[in-house]
Amino acid sequence: MVPPDTLLPRLVAIVGERHVLTDPDVRAGYETDWTRRYQGSTPAVVRPASTPEVAAVIELCRELGAAIVPQGGNTGLVGGGVPRNRELVLSLRRLDTISDLDATSGEVTAGAGVTLSALQEAALAHGWNFGVDLASRDSATIGGMVATNAGGIRVLRYGGMRHQLLGIEAILSSGAIVRRLPGLLKDNSGYDLTQLLAGSEGTLAVITAVRLKLIPQQPQRAVALLAVDDIAAALRVVSAVRRALSSLEAAEVFFPEGLELVCRHAGLAPPFSAGHPCYLLLECAGQADESANLADVLASATGIRDSAMAADRPGRERLWAYRERHTEAISAEGIPHKLDVTLPMARLAEFESRVRGAIAAVEPSARPVLFGHAGDGNLHVNILGLDPGDERPDDAVLRLVAGLGGSISAEHGIGIAKMPWLHLTRSAADREAMRAIKSALDPSGILNPGVVIPSG
Ligand code: MLT
Ligand code: ZN
């Protein structure tokens, strides 16, 4: 490790004394991630205000051999944004400028530190919207969301973060600036660095800004919360609505164990007078109210036991709360092991029917809580009641996923949490290519070492 006496004065010379944070109480918020499961320590948090300052910090770190953990809103769930071995934390939150919003073409440039909700507000003010939405919108930053290729609740209609990208500005480990922000819809001029950096989790370069495409506003929204027989019924309903209505924007699933936690921790009354085996939340969005069309499709679907619909904002928010408040309710109950997996749609019901048994077989006292994005095959398997270091249930779940042809990470990334299982779903050739890319772009290994693939 580089002695702080050598590193810190030179950081102060770049960003100013106020933006090199060394006070333990201030650092604490950067040293633990949102889940509280991943913690570390850092000699300092450096907060540059501009792209040249980020470049100068990285150039200095390369010169001194000081490792860096880039961090945005610190809403990651896989331990990839906390310092694990006394790395310097490079906070991008001050890069919070929204610029060049082109209301004609529907494009905008966002600094890495812009929060998702600030971007959404800016887009809405100009008659547009942004394609990605997720519950941590007030804290999650665009740079972190690109670095982790965040997904969220609208992937089935608009794709994840990588699908919104038109260009990127990033700092390589040498301190050189890669700037590709012209916003060209077509650009086949060589390797696509923008897409390479999306999902690279801060291991290949530090993202400072991105050019994003916007989506047309869909002012009319209809939400249906359905109680259904099981996840197979939920998937049949999703398929029927998808085929009938191009306005389907979200299809989210949850189960009684999660609903009970949400109602208890958020103080909500249950949505229906009786309990049911599975719940499906659908949202359609368009220029006109889709409520009647949605109700028509649902009327001919099978497996629906009860339903509630809302088109007005308070009513929609009331129904969404049962799904969106899962993450906080689970964390209020304890520190979960969070697994975030995708299955081929045809195997999703089988996975759901087997996963609780697979967990119980290795740890009978574990409490699984499942929810997720039924429209894209992504289930979040949260496991409560485990010791932080007991990874037997994680192993059982991820092996089940791999055996069914799924992925061990759908949208949260690999971080440090999933690294031991990467080999289950990425071949030796895949991992060799990933290592080659890492050592080409970060030969001295200073960028988020030990994340995604082992360092060294
Ligand atoms: C969600 O879908 O709410 C997020 O992925 C967060 C989580 O998995 O807890
Ligand atoms: Zn999710």
Side-chain angles (χ1 to χ4, degrees), residues 33-38 72-81 115-117 131-141 144-163 199 201 225 231 234 238 249-255 257-259 261-262 265-266 279-283 317 319-343 348 351-352 355 367-384 386 394 397-398 401 406-415 417-418:
D33 81 343
W34 194 91
T35 66
R36 292 169 286 144
R37 187 169 173 211
Y38 302 101
N74 199 12
T75 55
L77 300 171
V78 288
T115 62
L116 174 59
S117 58
V132 172
D133 193 20
L134 35 81
S136 57
R137 57 186 73 82
D138 293 331
S139 313
T141 57
M145 289 175 66
V146 173
T148 55
N149 185 30
I153 55 183
R154 292 182 184 153
V155 170
L156 87 162
R157 189 168 189 185
Y158 301 112
M161 271 317 265
R162 70 164 70 254
H163 301 104
E201 301 188 40
L225 179 62
I231 193 168
V238 174
E249 195 153 294
E252 301 284 306
V253 69
F254 53 93
F255 299 88
E257 72 264 6
L259 180 62
L261 283 183
V262 168
H265 287 288
Y279 300 88
L280 176 67
L281 184 140
L282 301 172
E283 177 162 308
E317 286 177 356
L319 296 180
W320 262 109
Y322 294 111
R323 158 61 182 92
E324 279 212 321
R325 301 192 74 168
H326 266 67
T327 303
E328 68 188 69
I330 291 166
S331 279
E333 189 78 358
I335 299 181
H337 288 213
K338 292 183 85 73
L339 304 168
D340 156 51
V341 301
T342 346
L343 278 301
L348 192 60
F351 172 77
E352 191 270 335
V355 69
R367 292 169 55 204
V369 182
L370 272 61
F371 66 97
H373 313 283
D376 48 55
N378 176 190
L379 278 184
H380 297 308
V381 181
N382 290 257
I383 314 176
L384 286 163
L386 296 178
D394 309 50
V397 173
L398 297 178
V401 168
S407 168
I408 63 159
S409 174
E411 59 176 8
H412 295 170
I414 295 298
K418 308 296 153 50

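Whatever order the structure lists them in is the order used to number ligands and atoms, beginning at 1. All of these numbers come straight from a predicted model, not from anything done at the bench.
- Ring pair His380/His412 is parallel by interplanar angle, where below 30° counts as parallel and above 60° as perpendicular.
- Partners of Phe351 under the ring pair (Phe, Tyr, Trp, His ring centres under 6.0 Å) rule, at least two apart in sequence or in another chain, do not exist in this structure.
- Paired with Val355 under the rule side chain to side chain contact (heavy atoms under 4.5 Å, CB included), one option of Val401, Leu370, Val341 passes, and it is Leu370.
- Screening Asp376, Val253, Leu282 for a side chain to side chain contact (heavy atoms under 4.5 Å, CB included) involving Val238 leaves a single residue, Leu282.
- Contact check for Val78 versus Tyr38: no side-chain heavy atoms found under the 4.5 Å cut-off.
- In this view, Glu333 and Arg264, Arg367 satisfy the salt bridge (Lys or Arg N to Asp or Glu O under 4.0 Å) rule, not counting sequence neighbours.
- The distance cut-off of 2.8 Å around the Zn ion (ligand 2) captures these protein N, O or S atoms, sorted by chain and number: His373 NE2, His380 NE2, Glu411 OE2.
- Between Arg157 and Glu283 no salt bridge is recorded (no basic side-chain N to carboxylate O distance below 4.0 Å).
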Test log, rule side chain to side chain contact (heavy atoms under 4.5 Å, CB included), inputs His337 and Val397: CA-CA 11 Å; His337 288 213; Val397 173; over 6 Å; no
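- Salt-bridge annotation for Arg37 and Asp33: absent, with no side-chain N of the basic residue lying under 4.0 Å from a carboxylate O of the acidic one.
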Identify all N/O pairs between ligand 1 and the protein with a separation under 3.5 Å and present them as a table of atom names and distances.
from, atom 1, to, atom 2, distance (Å)
ligand 1, 2 (O), Arg323, NH2, 2.7
ligand 1, 2 (O), His373, NE2, 3.1
ligand 1, 2 (O), His380, NE2, 3.1
ligand 1, 3 (O), Arg323, NH1, 3.3
ligand 1, 3 (O), Arg323, NH2, 3.3
ligand 1, 5 (O), His380, NE2, 3.0
ligand 1, 5 (O), Glu411, OE2, 3.0
ligand 1, 5 (O), His412, NE2, 2.8
ligand 1, 8 (O), His412, NE2, 3.3
ligand 1, 9 (O), Thr327, OG1, 2.7
ligand 1, 9 (O), Lys338, NZ, 2.9

